[in-house]
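One structure below.
Letters A, B, ... are given to chains in the order of the sequence lines, protein chains preceding strands, and every chain is numbered from 1. Scope of the values below: all heavy atoms of this structure, side chains included, with no hydrogens, waters or symmetry mates.
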8 protein chains.
Amino acid sequence: MVGIIMGSDSDLPVMEQAEAVLKEFGVPYELDVMSAHRSPDRVREWVSTARDRGLKVIIAGAGMSAHLAGVVAAHTTLPVIGVPLASGALNGVDALYSTVNMPPGVPVATVAVDGARNAGILAVQILATSDASLAAKLEDFKKKMAAKVEERSKKHRRSTL
Amino acid sequence: MVGIIMGSDSDLPVMEQAEAVLKEFGVPYELDVMSAHRSPDRVREWVSTARDRGLKVIIAGAGMSAHLAGVVAAHTTLPVIGVPLASGALNGVDALYSTVNMPPGVPVATVAVDGARNAGILAVQILATSDASLAAKLEDFKKKMAAKVEERSKKHRRSTL
Amino acid sequence: MVGIIMGSDSDLPVMEQAEAVLKEFGVPYELDVMSAHRSPDRVREWVSTARDRGLKVIIAGAGMSAHLAGVVAAHTTLPVIGVPLASGALNGVDALYSTVNMPPGVPVATVAVDGARNAGILAVQILATSDASLAAKLEDFKKKMAAKVEERSKKHRRSTL
Amino acid sequence: MVGIIMGSDSDLPVMEQAEAVLKEFGVPYELDVMSAHRSPDRVREWVSTARDRGLKVIIAGAGMSAHLAGVVAAHTTLPVIGVPLASGALNGVDALYSTVNMPPGVPVATVAVDGARNAGILAVQILATSDASLAAKLEDFKKKMAAKVEERSKKHRRSTL
Amino acid sequence: MVGIIMGSDSDLPVMEQAEAVLKEFGVPYELDVMSAHRSPDRVREWVSTARDRGLKVIIAGAGMSAHLAGVVAAHTTLPVIGVPLASGALNGVDALYSTVNMPPGVPVATVAVDGARNAGILAVQILATSDASLAAKLEDFKKKMAAKVEERSKKHRRSTL
Amino acid sequence: MVGIIMGSDSDLPVMEQAEAVLKEFGVPYELDVMSAHRSPDRVREWVSTARDRGLKVIIAGAGMSAHLAGVVAAHTTLPVIGVPLASGALNGVDALYSTVNMPPGVPVATVAVDGARNAGILAVQILATSDASLAAKLEDFKKKMAAKVEERSKKHRRSTL
Amino acid sequence: MVGIIMGSDSDLPVMEQAEAVLKEFGVPYELDVMSAHRSPDRVREWVSTARDRGLKVIIAGAGMSAHLAGVVAAHTTLPVIGVPLASGALNGVDALYSTVNMPPGVPVATVAVDGARNAGILAVQILATSDASLAAKLEDFKKKMAAKVEERSKKHRRSTL
Amino acid sequence: MVGIIMGSDSDLPVMEQAEAVLKEFGVPYELDVMSAHRSPDRVREWVSTARDRGLKVIIAGAGMSAHLAGVVAAHTTLPVIGVPLASGALNGVDALYSTVNMPPGVPVATVAVDGARNAGILAVQILATSDASLAAKLEDFKKKMAAKVEERSKKHRRSTL
């Protein structure tokens with residue numbers, strides 16, 4: 001259901017955080033490496049056949065000029081989630097600006113710099129709009145998250161009042 | 001299906017661009033004004049009952065510290081689209097940073113500063129993952145967009161080669 | 001009198017600098033971990049009962065989108081001190097912008113990025129507006145600070161005039 | 001109770017928003033123009049006698065290098081609220097950085113660029129920590145603010161669900 | 001010899017400054033409007049046949065996420081000159097970062113924000129590396145430019161020494 | 001004694017503020033227009049003979065890449081004051097960075113963006129290190145400046161204490 | 001054919017990436033160290049005779065105020081490629097702004113911060129506009145680059161669809 | 001002749017680079033540690049008597065809000081050189097903005113972030129405007145600097161032309 005692509009295999013350690021979320025939620029996915037600048041035809045081909053391969057959401061991570069998510073969005077009407085990756089002298093601010101400031105008509109749903117984990121969760125949320133079972137898992141996930149914070153709270157809270 | 005909220009009625013002219021897209025695609029929506037900082041209980045109540053009211057996607061626009069989308073995302077597992085709005089001395093960079101840099105676990109799908117039109121399109125793309133008719137309309141929309149650019153091209157292109 | 005909260009227990013090393021100041025001045029305090037995004041109901045509950053628990057000032061530290069201080073300020077009329085924390089690709093500039101640029105009506109008293117020590121001192125200054133003993137301690141603190149700089153000056157000053 | 005100072009009389013239109021809040025809440029105040037760079041002795045004298053004149057909180061607004069709030073904080077242990085003012089080529093980012101990034105020991109409670117209204121409210125919140133009547137007024141103010149947003153909501157909300 | 005493209009016809013007033021330079025130097029050119037995001041297939045087709053149509057240099061102008069120059073560079077080995085255009089809330093900083101920070105292997109020769117005139121001159125300089133007549137014209141252009149500054153100097157210079 | 005140069009005659013309105021200061025203090029000066037990029041030989045010649053023409057300080061104003069002050073500093077050991085000028089999409093931040101971040105060995109004394117008036121005053125301060133009469137005038141100037149602020153203070157100060 | 005210069009020998013590790021490209025493509029080159037600020041006469045002399053020594057393109061790398069490329073461009077009509085180098089507190093943003101924002105008439109073809117490899121490729125692309133053999137090598141280079149990405153893709157791609 | 005002060009003894013390693021220059025040129029100096037925020041009275045006293053102690057130029061280094069140079073300039077008509085120091089989350093950009101953007105009437109001659117060596121050289125240049133011996137030493141220094149670059153050039157230059 002979800003395609004995860006990235007511009008370079010050096011992006012794998014970050015982007016695998018999106019994959020981990022999909023595994024956790026039992027969502028089928030594809031993961032691949034392709035570059036908007038170095039293998040543009042491969043990207044176009046991959047995107048053009050994405051819907052037919054069963055993809056419903058695409059997650060694209062890239063650094064620096066970070067055109068990958070935008071190029072993907074240019075070729076599909078599936079929702080595209082962009083993950084700006086920190087690298088180079090500007091440490092991801094460039095990738096954030098390149099990913100988020102898309103022109104009217106071609107949105108990219110942008111998450112935080114290196115926010116691949118949230119990209120995975122957002123993809124699940126999108127699929128859950130038509131999948132009650134996933135929606136229930138998300139509710140559970142949210143509760144566990146709150147519980148985990150509460151656990152940390154219990155461990156650390158103190159008062160001299 | 002889609003909820004559109006904003007922090008202030010001064011945000012209406014921008015946020016109505018999202019509404020216009022939903023009308024264009026025939027997607028039912030709610031539009032409302034509420035503030036994460038000035039009417040937080042109203043926001044919480046609105047979000048908590050969002051799913052029951054039939055909402056599947058929420059679009060939240062806010063300027064400056066721009067906590068609205070994040071606060072909404074804290075209270076729901078529906079996909080939340082954040083629109084950073086330009087205002088104040090930092091002209092929307094603050095709103096962009098506040099909206100996009102969410103912590104792991106609570107994503108906000110962020111679009112460009114003042115990118116309400118793209119927020120609307122992204123919402124339609126999300127709904128279209130389970131609605132073939134909407135998906136077809138999006139394909140049509142994309143073709144018309146390309147055609148319009150081609151029209152402009154024809155009007156302006158020139159060559160002295 | 002003073003509540004110190006932070007979005008994650010990874011913020012403890014910085015935020016404990018605020019705690020240290022309160023201990024130094026003998027000001028009773030509560031310290032807790034809770035997240036505006038991951039445990040919003042806990043935050044709301046904690047803030048709503050803050051005044052009744054005897055809190056007069058609240059210090060809230062958070063990184064990245066850093067909504068915690070703003071969310072707290074939305075639910076109380078107690079003075080709220082926000083500590084933007086450095087983390088992620090933007091290293092705290094995002095947290096600074098998210099914390100300081102609050103809309104009219106809901107101020108957050110913002111200190112420097114990672115400025116938890118100053119947050120503690122500011123809290124003491126606020127309490128000292130109605131506590132002559134604390135005010136005297138602050139005067140003493142200020143003198144010692146000047147004396148310490150003078151000591152460093154004596155150690156390092158040199159002249160070839 | 002509250003002193004409001006600014007570096008130049010061109011700052012009056014913004015800083016009078018702080019004054020308006022104090023009037024609204026019936027809090028006695030002083031307002032004056034003095035410059036950390038052009039009349040430093042006047043500033044020092046004014047600050048040194050502030051407590052004796054009955055001041056409990058000081059609001060200082062300045063643009064560009066914006067040293068006024070910091071210089072005031074250097075000379076008093078009263079809480080100092082800094083208002084960075086937008087002016088010059090950097091439009092207030094310089095003033096924000098100059099005001100907020102104070103060294104450990106000398107805090108300045110910073111509000112948004114041009115956030116004089118919030119500076120006024122913050123001053124009232126500080127005074128209200130020991131004044132039940134002011135605290136009640138703040139609660140009322142907060143309710144009215146929420147009511148006003150609700151009013152705007154009623155005027156603009158619409159639904160096609 | 002030179003292709004000038006831009007993402008939108010609203011970019012024409014700036015990009016025509018590049019055209020004006022080519023006219024001035026008698027360099028044949030094509031000018032067209034096409035969008036990396038809205039008409040990506042048109043861009044790919046246009047670039048793929050660029051060399052065969054006789055183009056030796058390509059100038060691409062775009063604003064915001066500004067992927068056009070990068071997408072063009074992905075599909076050709078001709079030198080690509082990118083002109084970041086000022087628009088939107090970030091006023092061209094986003095376009096600058098998107099255009100200049102290309103990954104190793106796919107350069108874009110970037111000029112200043114809205115620097116279309118310099119893009120035209122740079123294109124002429126590139127062609128002049130193998131065209132002695134153009135090189136001579138450039139030398140003449142440079143002399144005239146210095147002469148013009150000297151003229152302004154003569155008009156305004158003054159001395160009280 | 002002081003040379004004032006700028007890259008373009010469009011910089012005159014700002015740079016004449018430096019000239020006005022020199023007139024006010026009775027300091028002889030030269031003012032000229034020359035460009036580090038468009039008339040570099042003229043700049044080199046002008047600088048090389050600067051000391052012989054009686055110049056003791058040079059003020060150079062430029063916008064955007066703003067190399068003028070640095071180029072001048074490369075060719076002289078006289079103190080060089082750089083005035084970054086606001087222009088273009090980056091509004092002077094580029095000029096500030098270009099002017100101030102000089103490598104070790106070749107300083108440029110940088111003032112605020114568009115800070116030509118302060119450049120003039122700084123030049124007078126430098127000359128005054130060996131001119132008691134100028135030093136006295138500066139003391140007088142400083143007193144008048146404080147008096148003027150005091151005048152404004154008297155006009156606007158008010159108190160409800 | 002190509003001259004590579006840099007402001008300091010500490011820039012060698014980065015700038016040698018441009019040299020490596022030229023070696024790879026068999027393009028003759030000169031490499032030298034000279035400073036726009038510390039040895040300006042050497043720069044002027046080197047540039048003035050560049051064309052006569054057979055240079056067709058010049059690559060100039062510099063950090064901080066980064067005037068080298070601009071100064072070179074002031075003295076030649078050959079295409080000048082500027083490489084902003086990361087160093088100092090601003091980590092190359094200053095060098096990027098100094099290099100790219102050249103005034104009309106004197107372009108510098110700017111690549112990414114530390115983008116020396118791309119500077120080398122761009123130089124080859126420029127020479128290839130009149131050298132069919134180089135153009136063929138570039139096509140081959142581009143294919144190999146795509147093939148390498150494809151290889152990485154094959155190694156890492158996975159699917160649970 | 002030259003006073004060097006800094007806000008903290010942690011600034012010594014950087015500020016001693018200014019001291020080293022003065023030693024190198026045989027210029028008498030004072031070096032001291034004092035804080036605009038923690039020991040403001042000491043600063044005022046030190047500055048007020050600076051001229052009488054024989055100081056002709058003052059170098060002030062500070063980080064973060066970096067008010068020291070501005071506060072010094074407020075109290076003297078001697079030329080003040082400001083050295084913004086890198087520290088904290090903003091790494092010196094805050095100190096640069098705080099130091100350079102002084103209001104009209106009170107200039108600070110600002111050098112690069114951590115540019116203490118250049119501050120020393122600038123101080124020598126200022127003194128040399130009335131000291132022919134120092135001026136000669138500076139000429140010599142400049143020649144040696146060019147010679148050193150030439151030496152590096154000789155070591156590294158290579159050519160395959």
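- Atom CD of Glu24(C) has more than 12 neighbouring heavy atoms from other residues, nucleotides or ligands inside a 6.0 Å radius.
- Listed here is the closest heavy atom pair of Asn91(A) and Ala89(C): ND2-O, 3.1 Å.
- Proximity to chain A (any heavy atom under 4.5 Å) is shown, for Ile5(C), by neither the backbone nor the side chain.
- With a threshold of 4.5 angstrom between heavy atoms, Ile4(C) does not approach chain A through any atom at all.
- Looking at Ala147(A), neither its backbone nor its side chain comes within 4.5 Å of chain C, counting heavy atoms on both sides.
- Using a 4.5 Å heavy-atom threshold, the side chains of Val149(A) and Asp9(C) count as separate.
- Side-chain atoms of Ser153(A) and Arg42(C) form a donor-acceptor pair, as typed in the model, at a separation below 3.5 Å.
- At a 4.5 Å heavy-atom cutoff, Asp114(A) makes no contact with chain C through either its backbone or its side chain.
- Counting heavy-atom pairs closer than 4.5 Å to chain A, the top-ranked of the candidates Glu30(C), Met34(C), Arg53(C) is Glu30(C).
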Problem - Evaluation steps, side-chain contact (heavy atoms from CB on, under 4.5 Å), between Thr160(A) and Val27(C) - result: CA-CA 8 Å; Thr160(A) 66; Val27(C) 172; over 6 Å; no

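- Atoms CZ and OG, from Arg152(A) and Ser10(C) in turn, are 8.5 Å apart once rounded to the nearest 0.5 Å.
- Expressed to the nearest 0.5 Å, how far NZ of Lys148(A) lies from OG of Ser35(C) amounts to 12.0 Å.
- When each of Asp94(C), Val2(C), Leu90(C), Leu12(C) is scored by its heavy-atom pairs under 4.5 Å with chain A, the top score falls to Leu12(C).
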Problem - Verdict with supporting geometry, Glu16(C) and Arg158(A), salt bridge (Lys or Arg N to Asp or Glu O under 4.0 Å) - result: CA-CA 12 Å; Glu16(C) 283 173 343; Arg158(A) 50 222 192 214; 2.8 Å; yes

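- Between chain C and the options Lys155(A), Lys154(A), Met145(A), the largest number of non-hydrogen pairs under 4.5 Å is found for Met145(A).
- Within the 4.5 angstrom heavy-atom criterion, no atom of Met6(C) approaches chain A.
- Ranked by heavy-atom pairs under 4.5 Å with chain C, the first of Lys143(A), Glu150(A), Lys142(A) is Glu150(A).
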Handout entry: From CA spacing to verdict: side-chain contact (heavy atoms from CB on, under 4.5 Å), Arg157(A), Val33(C)
Key = CA-CA 7 Å; Arg157(A) 73 171 69 138; Val33(C) 176; over 6 Å; no

